[in-house]
Q: 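Here's a structure for you.
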Amino acid sequence: MKKLLLLAILLLPLGGCRHVNSSNPAVITAVTLLDADHTCKALEDALTATDHVLDGIATTEPDYYAQVKPLIQRISTTNLAAAHAIQNAKNGGAADWKAALLNVAGSVDTQQLTATGIKNSVSQKNTAAILASLVGLMKGIETSFGGTK
Amino acid sequence: MTATLLAQLLPLLLEYTPQLIHDGVDLIHGNPQQPGETDEAYIQRVYASIDADVAQIEQQDADIQKAD
């Protein structure tokens with residue numbers, strides 16, 4: 001199980017490195033937006049998994065829960081805004097989807113996404129693993145879409 | 001206590017690990033144009049998948065924002 005999770009974590013930040021076998025600008029735009037969309041989807045899945053893990057330890061680790069849950073909610077809010085910007089661009093709108101996506105990467109200080117503070121060692125290890133996928137994805141946004149933070 | 005927590009957390013990780021792997025594969029391979037598929041048909045397929053993903057993200061965000 002840990003190997004699978006590690007594989008998932010390793011795969012997630014690798015988006016945006018695909019070649020497009022077309023010179024049609026409309027196809028290139030569609031594939032670029034699809035890359036961005038897949039990034040948002042992967043991030044939201046990681047957020048959902050993290051949220052469920054947090055819910056599982058809410059009663060045993062209330063201080064940690066109160067500290068990290070708002071961060072997860074904030075990332076999700078900005079991620080949804082990015083998804084809507086991508087959808088707007090797809091529909092011919094003027095939304096700056098790339099800025100919206102980079103805003104996700106900068107929505108929280110990723111150093112705050114740590115399992116430090118969880119008293120139970122098993123919970124700490126499991127939470128650390130799922131948070132690693134989140135942080136990997138957020139760093140992947142910066143790498144793939146040109147962020148600086 | 002440890003066994004209880006482990007019993008709670010393991011199913012969650014098992015539940016989401018395949019989805020995260022699927023997302024990783026999506027990120028690497030995307031949704032390539034099939035042989036014989038016209039550009040127009042491909043773009044429509046890509047844009048339909050974006051709409052579906054956004055609808056799912058909206059639902060997931062609503063769940064995350066809910067008070068527990």
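A, B, ... follow the sequence lines: proteins, then strands. Residue 1 opens every chain.
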Q: Is Leu33(A) close to chain B through its backbone or its side chain, or both, or neither, when contacts mean heavy atoms under 4.5 Å?
A: both

Q: Taking all non-hydrogen atoms of both residues into account, name the closest pair between Asp51(A) and Ile64(B) and its distance.
A: OD2-CA, 3.8 Å

Q: Just so I know, are the side chains of Tyr47(B) and Asn91(A) near enough to count as touching, which here means a heavy-atom distance under 4.5 Å?
A: no

Q: Measuring heavy-atom distances to chain A, does Gln56(B) have an atom under 4.5 Å in its side chain, in its backbone, in both, or in neither?
A: side chain

Q: Using a heavy-atom cutoff of under 4.5 Å, enumerate the residues of residues 70-82 of chain A that contact chain B, numbered in order, or state 'none'.
A: Ile72(A), Gln73(A), Ser76(A), Thr77(A), Asn79(A), Leu80(A)

Q: Do Ile57(B) and Leu102(A) share a hydrophobic cluster, counting only Ile, Leu, Val, Met, Phe, Trp and Tyr and linking them when any side-chain heavy atoms are less than 4.5 Å apart?
A: no

Q: Measure across Gln33(B) and Val27(A) and return the closest heavy-atom pair with its distance rounded to 0.1 Å.
A: OE1-CG1, 4.3 Å

Q: Within a strict 4.5 Å, meaning less than it, do heavy atoms of the Cys40(A) and Asp53(B) side chains meet?
A: no

Q: Is the number of heavy atoms from other residues, nucleotides or ligands within 6.0 Å of CD (Gln34(B)) greater than 12?
A: yes

Q: Would you say the side chain of Val54(B) lies within less than 4.5 Å of the side chain of Lys41(A), judging by non-hydrogen atoms?
A: no

Q: Report yes if the side chains of Thr48(A) and Asp63(B) come closer than 4.5 Å at any heavy-atom pair, otherwise no.
A: no

Q: Indicate yes or no: at least one non-hydrogen side-chain atom of His84(A) is less than 4.5 angstrom from one of Glu58(B).
A: yes

Q: Under 4.5 Å between any side-chain heavy atoms of Gln87(A) and Asp51(B), yes or no?
A: yes

Q: Is any side-chain heavy atom of Val46(B) closer than 4.5 Å to a side-chain heavy atom of Lys90(A)?
A: no

Q: Mind checking whether Leu34(A) and Asn31(B) have side chains closer than 4.5 Å, heavy atoms only?
A: yes

Q: Check step by step if side chain to side chain contact (heavy atoms under 4.5 Å, CB included) holds for Ile50(B) and Ile86(A).
A: CA-CA 8 Å; Ile50(B) 290 176; Ile86(A) 292 162; 4.3 Å; yes

